[in-house]
Amino acid sequence: MTLHSRFGASAAHRWMRCPGSIQASEGLPNVSSEFAAEGTLLHGVAEDILRGGGATPAVGLTDEQWDVVRAYVSFVRDCAKGGNLFIENRFKLAAHPEFWGTADAVVQKPGAELHVIDLKCGRGVAVEVDYGGRINPQLGFYALGALSLFPGPYGKIFTHVVQPRLGGVKSREVTLDELSKLQAELLRAAANAVADDPRFAAGSHCKFCLARATCPTLRRFVLDTAAMEFANA
């Protein structure tokens with residue numbers, strides 16, 4: 001397994017909508033932000049606590065950051081009661097050599113239930129479990145990963161986002177049929193991304209794209225949007 005996948009779960013919402021962003025971003029610097037660094041820190045502290053390490057205030061977190069960690073840890077522990085808890089498990093999907101990632105928390109419950117839990121530390125963008133009746137592709141990706149690690153069978157599969165700073169806990173049941181269709185979409189997008197003429201599409205998913213500053217598709221989208229707003233003013 002390589003250290004970096006072009007088709008990471010966290011950016012699935014972008015490269016599924018705009019497969020061209022993969023080639024457009026190649027070779028561009030990916031500078032980590034303070035928000036990403038904080039997210040990595042809080043994930044690490046939560047992992048230590050859930051593994052029984054008992055992280056202490058010596059870690060240097062603020063009271064507000066501790067509130068984020070405690071909210072996530074509390075939800076995971078409640079969900080795991082009577083079940084089997086797996087923390088930060090790496091997975092690799094057989095469907096594609098670059099479909100891999102790490103699931104924050106996975107719980108197997110009696111009654112053939114599987115729970116996939118993802119911690120979000122941000123306060124700027126609310127992450128939903130469902131977009132227009134469709135499973136959040138990142139969560140669906142993680143659910144596929146959990147199934148690859150712990151095949152089941154399961155009667156019910158649930159996905160959860162824990163975003164203490166924006167919306168709290170959001171949950172959604174997902175079916176095997178939905179996940180099968182999502183995997184097929186992921187494969188189609190990945191195939192298009194490496195084609196000679198990949199598809200480009202602009203939208204809200206461009207926010208964190210490395211190529212956004214030089215992307216002609218995004219530039220046209222911004223100009224067209226501005227023109228429409230001016231015409232309707």
Side-chain angles (χ1 to χ4, degrees), residues 1-43 88-93 95-105 116-132 134-146 148 159-163 166 170 172 174 178-179 181-195 198-218 221-222:
M1 190 180 295
T2 60
L3 293 177
H4 174 72
S5 168
R6 293 174 296 175
F7 305 108
S10 61
H13 66 288
R14 173 177 54 77
W15 58 262
M16 286 180 71
R17 295 180 188 175
C18 181
S21 65
I22 296 294
Q23 292 188 43
S25 299
E26 287 182 354
L28 297 178
N30 187 7
V31 181
S32 180
S33 68
E34 62 178 290
F35 305 107
E38 183 201 39
T40 299
L41 173 62
L42 299 189
H43 273 80
E88 297 292 333
N89 279 95
R90 294 178 67 82
F91 64 83
K92 187 177 188 301
L93 302 184
H96 191 282
E98 291 186 63
F99 284 3
W100 53 266
T102 303
D104 289 347
V116 182
I117 308 167
D118 192 47
L119 170 62
K120 296 298 183 188
C121 301
R123 67 176 84 246
V125 178
V127 178
E128 305 295 339
V129 289
D130 183 287
Y131 291 100
R134 294 164 59 87
I135 184 70
N136 177 325
Q138 181 182 8
L139 294 178
F141 200 123
Y142 289 145
L144 287 166
S148 72
T159 57
H160 310 275
V161 166
V162 182
Q163 191 174 15
L166 197 59
K170 304 162 193 176
R172 182 193 193 277
V174 61
E178 284 182 280
L179 293 177
K181 290 177 180 177
L182 173 64
Q183 180 167 282
E185 290 181 54
L186 290 166
L187 287 169
R188 286 195 295 270
N192 185 263
V194 298
R199 176 173 54 84
F200 286 85
S204 60
H205 54 275
C206 299
K207 183 174 182 179
F208 298 110
C209 179
L210 298 180
R212 64 188 179 279
T214 57
C215 178
T217 301
L218 177 57
F221 174 80
V222 171

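Residues Trp100 and Arg90 approach most closely at CZ3-NH2, 3.2 Å, considering heavy atoms. Shortest non-hydrogen contact noted between Leu166 and Lys170 is O-NZ, 3.6 Å. Taking all atoms of both residues into account, the shortest heavy-atom contact from Ser21 to Phe200 is N-CE2, 4.1 Å. Between Gly132 and Asp130, the shortest heavy-atom contact is N-OD1, 3.5 Å. Among all heavy-atom pairs drawn from Pro198 and Gln23, the shortest one is CG-NE2, 3.8 Å. Taking all atoms of both residues into account, the shortest heavy-atom contact from Ala202 to Phe221 is CB-CB, 3.4 Å.
You'll find the side chain of Leu144 stays beyond 4.5 Å of the side chain of Phe91, heavy atoms only. With contacts defined as side-chain heavy-atom distances shorter than 4.5 Å, the pair Ser204/His13 does not qualify. Looking only at side-chain heavy atoms (C-beta outward), Leu139 and Asp118 come within less than 4.5 Å of each other. Counting heavy atoms from C-beta outward, Asp104 and Ile117 have side chains that stay 4.5 Å or more apart. Counting heavy atoms from C-beta on, the side chains of Met16 and Leu182 come closer than 4.5 Å.
One distance of note links CG of Leu28 with CZ of Arg212; it measures 10.0 Å at 0.5 Å rounding.
In terms of modelled atom types and a separation under 3.5 Å, the side chain of Gln138 and the main chain of Ala12 share no donor-acceptor contact. Between the side chain of Asn136 and the backbone N or O of Glu128 there is at least one donor-acceptor pair closer than 3.5 Å. Counting only distance, with no hydrogens or angles, the side chain of Arg123 and the backbone of Gln163 share no donor-acceptor pair below 3.5 Å. Of the possible polar contacts, one joining the Thr159 side chain to the Arg172 backbone as a donor-acceptor pair under 3.5 Å is found. For Glu98 (side chain) and Arg6 (main-chain N/O), a donor-acceptor pair under 3.5 Å exists by modelled atom type.
More than 12 heavy atoms of other residues, nucleotides or ligands lie within 6.0 Å of OH in Tyr131, so this atom counts as buried by the packing criterion.
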Derivation and outcome, side-chain contact (heavy atoms from CB on, under 4.5 Å), residues Cys121 and His43:
CA-CA 9 Å; Cys121 301; His43 273 80; 4.1 Å; yes
When you look at Leu186 and Trp15, which way does the side-chain contact (heavy atoms from CB on, under 4.5 Å) test go after all the steps?
CA-CA 9 Å; Leu186 290 166; Trp15 58 262; 3.4 Å; yes
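Salt bridge status for Glu185 with Arg134: present, with a side-chain N to carboxylate O gap under 4.0 Å.
Phe99 and Phe7 have perpendicular rings, their planes meeting at more than 60° on a 0 to 90° scale where under 30° would count as parallel.
A side chain to side chain contact (heavy atoms under 4.5 Å, CB included) with Arg14 is found for one member of Pro19, Cys209, Cys206 and no other, namely Cys209.
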